[in-house]
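A short write-up of the structure that comes next.
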Amino acid sequence: MSVVTRFAPSPTGFLHIGGARTALFNWLFTQHHGGKFLLRIEDTDRKRSSQEAVDAILDGLRWLELGWDGEPVYQFAQQARHAEVAHAMLEAGHAYRCYCSPDELTAMREKAKAEKRPIRYDGTWRDRDPSQAPAGVDPVIRLKAPQDGETVIDDLVQGRVTVQNAELDDMVLLRADGTPTYMLSVVVDDHDMGCTHVIRGDDHLNNAFRQAQVFMAMGWDLPVFAHIPLIHGADGAKLSKRHGALGVDAYRDMGFLPEAVRNYLLRLGWGHGDDEIISTAQAIEWFDMDGVGRSASRFDMAKLTNLNGHYLRNTDDARLVDLVVPLLADAHDSVVDEAGRARLLAGMAGLKERAKDLNELAANSVFYVRDGAQPLNDKAEKLLAGDARAHLANMANTFATLEPWTDDALEAAVREAAEAADVKLGKMAQPLRAALTGSNASPSLFEVMRILGRDETLARLRGQT
RNA sequence: GGUCCCAUCGUCUAGUGGUUAGGACGUCAGCCUUUCACGCUGAAGACACGGGUUCGAGCCCCGUUGGGAUCACCA
């Protein structure tokens with residue numbers, strides 16, 4: 001039997017990091033087993049669903065490179081089918097009409113709460129004859145759930161979980177207005193889509209029991225469930241916007257690479273021995289549910305950042321240039337021309353060693369693409385205080401006739417000058433760096449000068465004197 | 001509150017009855033070095049607690065404590 005999984009977000013907001021991990025696990029699971037990864041948009045809550053959210057989720061999945069099979073299924077469009085199943089259950093005696101008003105139900109709950117009894121529907125209409133129905137009340141259809149025995153879920157992550165049927169009440173399948181509830185829709189859609197595995201957040205574990213009852217009432221095969229633990233914020237509390245429950249687009253904007261985010265999310269709650277850096281191909285080969293832990297994990301921005309730095313350093317220079325050029329234009333007001341692009345490409349190896357994310361990479365790259373005297377940051381300003389500018393002028397004269405224009409020759413010239421002036425190399429090099437890059441930190445000074453070329457180097461040095 | 005789930009360094013985890021409890025991120029120290037990074041070396045740092053079972057328990061059982069999820073005509 002071929003594996004079919006689905007990712008089923010509600011389009012009520014962006015694709016947050018927890019949803020992204022759920023999608024990743026579903027995707028990896030199907031890639032590993034050679035199955036199909038389907039997408040279902042659970043848009044039955046018309047008030048909270050929006051097309052913008054659908055787009056954001058799709059964009060997020062695309063950015064993470066988690067491709068799905070076929071067209072997304074929109075749950076709202078399946079309404080008639082869901083209602084049909086509810087009526088079939090009614091016919092078969094697995095469901096019944098309930099005429100309780102919302103007020104009555106509220107009163108029922110209040111009473112149960114006051115008496116410290118479990119809060120659940122008391123089955124008022126379960127065995128009552130429909131002839132006793134009050135006039136003018138549209139009934140809901142409730143599941144006629146088994147009252148004795150227990151329901152068992154053999155969960156791939158949580159193990160065998162059992163709940164007494166007496167703990168479960170008769171949930172609503174079809175509302176008074178004839179629309180299906182989520183609990184019904186999920187089951188029907190999972191069945192109709194042929195899902196063999198349902199991999200989702202463990203906030204759904206409790207729902208699984210009632211959903212299992214619907215599957216059984218319809219005589220359908222139960223999918224294999226895998227409820228994966230939720231991701232918490234750094235403080236251990238539920239993920240909130242303050243610490244990571246951002247949309248994946250926010251991580252893209254923070255300059256993270258999709259492969260770094262995937263690797264991080266994979267290791268959050270899943271392990272394979274001591275392995276940390278895991279390529280997507282390797283992940284597909286290794287991934288399975290038995291490696292998934294059962295406890296919630298905390299989101300750690302520092303580790304994501306570290307991983308991102310690793311992937312950045314191992315990314316092809318040309319791809320990084322392509323990623324950085326738009327950032328230079330947008331955030332640094334520097335439109336990159338052909339010459340700038342060539343410098344960027346030449347300097348990228350040195351640049352990428354020093355950045356943790358694309359934004360930092362772009363910021364550190366600006367000096368390569370902005371011609372002329374560089375604006376100085378505070379530390380660069382200090383480096384050029386005192387007699388430093390005089391050294392600059394001397395060095396410029398030396399460089400004017402230096403041959404060949406190579407890292408080694410450049411370094412030799414600067415070392416010689418430092419010796420002649422009887423100062424340490426740093427004393428000579430740092431002011432040069434400040435003038436050339438506008439900063440106190442940069443890639444190798446000699447590499448910078450080589451890439452900038454003689455004319456630009458001289459222009460920048462003389463521009464500061 | 002009922003039900004369900006969870007519990008190894010600050011964080012992510014390895015560990016399935018016998019280990020000096022391992023790795024990674026982070027932290028600290030040092031090396032490298034023209035700066036900043038990278039890299040390298042080293043250090044500190046954990047089995048929540050209490051009972052069992054066993055020759056022996058981080059691993060098995062029970063309880064306690066702590067955390068989480070869920071209890072709608074939302075999804």
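Heavy-atom basis, side chains included; hydrogens, waters and symmetry copies ignored. Everything numeric in this text was worked out from a predicted model, so none of it was measured.
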Heavy atoms of other groups near [X] [atom1], more than 12 under 6.0 Å:
X	atom1	value
A:Glu416	CD	no
A:Arg46	CZ	yes
A:Asp148	CG	no

Base, sugar-phosphate, or nothing for [X], non-hydrogen atoms under 4.0 angstrom?
X	result
A:Leu230	sugar-phosphate
A:Arg142	sugar-phosphate
A:Gly309	nothing
A:Arg48	base
A:Val140	base
A:Thr162	sugar-phosphate

Which label fits [X] and [Y]: parallel for a plane angle under 30°, tilted from 30 to 60°, or perpendicular past 60°?
X	Y	answer
A:Phe29	A:Phe287	perpendicular
A:Tyr264	A:Phe299	perpendicular
A:Trp286	A:His272	parallel

Say you pick atom [atom1] in [N] and the same atom in [M]; how far apart are they, in whole Å?
N	M	atom1	answer
B:G39	B:A46	C1'	28 Å
B:G67	B:U11	C1'	16 Å
B:A57	B:U53	C1'	10 Å
B:G18	B:A37	P	44 Å
B:G42	B:G50	P	35 Å
B:C47	B:A29	P	26 Å
B:U13	B:G45	C1'	15 Å
B:C12	B:C71	P	26 Å

For the student: nearest non-hydrogen atoms of A:Glu259 and A:Tyr311, plus distance: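 Closest approach of A:Glu259 to A:Tyr311, heavy atoms only: CG-CD2, 3.5 Å.
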Which nucleotide wins on minimum distance to the side chain of [X], given the candidates [options]?
X	options	result
A:Tyr182	B:U35, B:C38, B:A75	B:A75
A:Arg433	B:C38, B:U34, B:C12	B:U34
A:Thr181	B:A75, B:G2, B:U34	B:A75

Within residues 417-441 of chain A or reaching into it, pairs that qualify as side-chain hydrogen bond (donor to acceptor under 3.5 Å, both in side chains) - sequence neighbours excluded: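 side-chain hydrogen bond (donor to acceptor under 3.5 Å, both in side chains) check on residues 417-441 of chain A returns A:Gln430-A:Arg433, A:Arg433-A:Ser442.
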Listing time: all N or O pairs from protein to nucleotides 20-22 of chain B that are below 3.5 Å?
{"unit_1": "B:G22", "atom_1": "N2", "unit_2": "A:Asp274", "atom_2": "OD1", "d": "2.8"}

For A:Glu276, all residues meeting side chain to side chain contact (heavy atoms under 4.5 Å, CB included), sequence neighbours excluded: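 Partners of A:Glu276 under the side chain to side chain contact (heavy atoms under 4.5 Å, CB included) test: A:Arg267, A:Lys303.
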Distances under 3.5 Å only, N/O to N/O: pair up the protein atoms with those of nucleotides 25-31 of chain B.
{"unit_1": "B:C25", "atom_1": "O3'", "unit_2": "A:Asn306", "atom_2": "ND2", "d": "3.2"}
{"unit_1": "B:C25", "atom_1": "O2'", "unit_2": "A:Lys303", "atom_2": "N", "d": "3.4"}

Pair assignment for [N], Watson-Crick or G-U wobble, requiring both distances under 3.5 Å:
N	answer
B:A57	none
B:A14	none
B:G66	B:C6
B:C40	B:G30

A:Leu184 CG to A:Arg81 CZ distance, which is reported to the nearest 0.5 Å: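 Going from CG on A:Leu184 over to CZ on A:Arg81, the span is 10.0 Å.
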Polar side chain donor-acceptor pair, [X] to [Y], under 3.5 angstrom:
X	Y	answer
A:Asn263	A:His310	no
A:Gln213	A:Asn165	yes
A:Asp103	A:Ser101	no

Strand-adjacent residues in residues 203-212 of chain A, judged by heavy atoms under 4.0 Å from RNA chain B: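 Only A:Asp203, A:His204, A:Leu205, A:Asn206, A:Asn207 qualify.
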Side-chain donor or acceptor of A:Asp170 paired with backbone N/O of A:Arg142 under 3.5 Å: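 A pair under 3.5 Å: no.
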I'd like a table of atom pairs between the protein and nucleotides 58-67 of chain B - only N or O on both sides, under 3.5 Å - with the distance next to each one.
none

Quiz item: A:Ser297 side-chain donor-acceptor pair to B:U13 base, under 3.5 Å: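 Answer no: no donor N or O sits under 3.5 Å from an acceptor.
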Donor-acceptor pair present, A:Arg354 side chain and B:C36 base, under 3.5 Å: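 Answer yes: a donor N or O sits under 3.5 Å from an acceptor.
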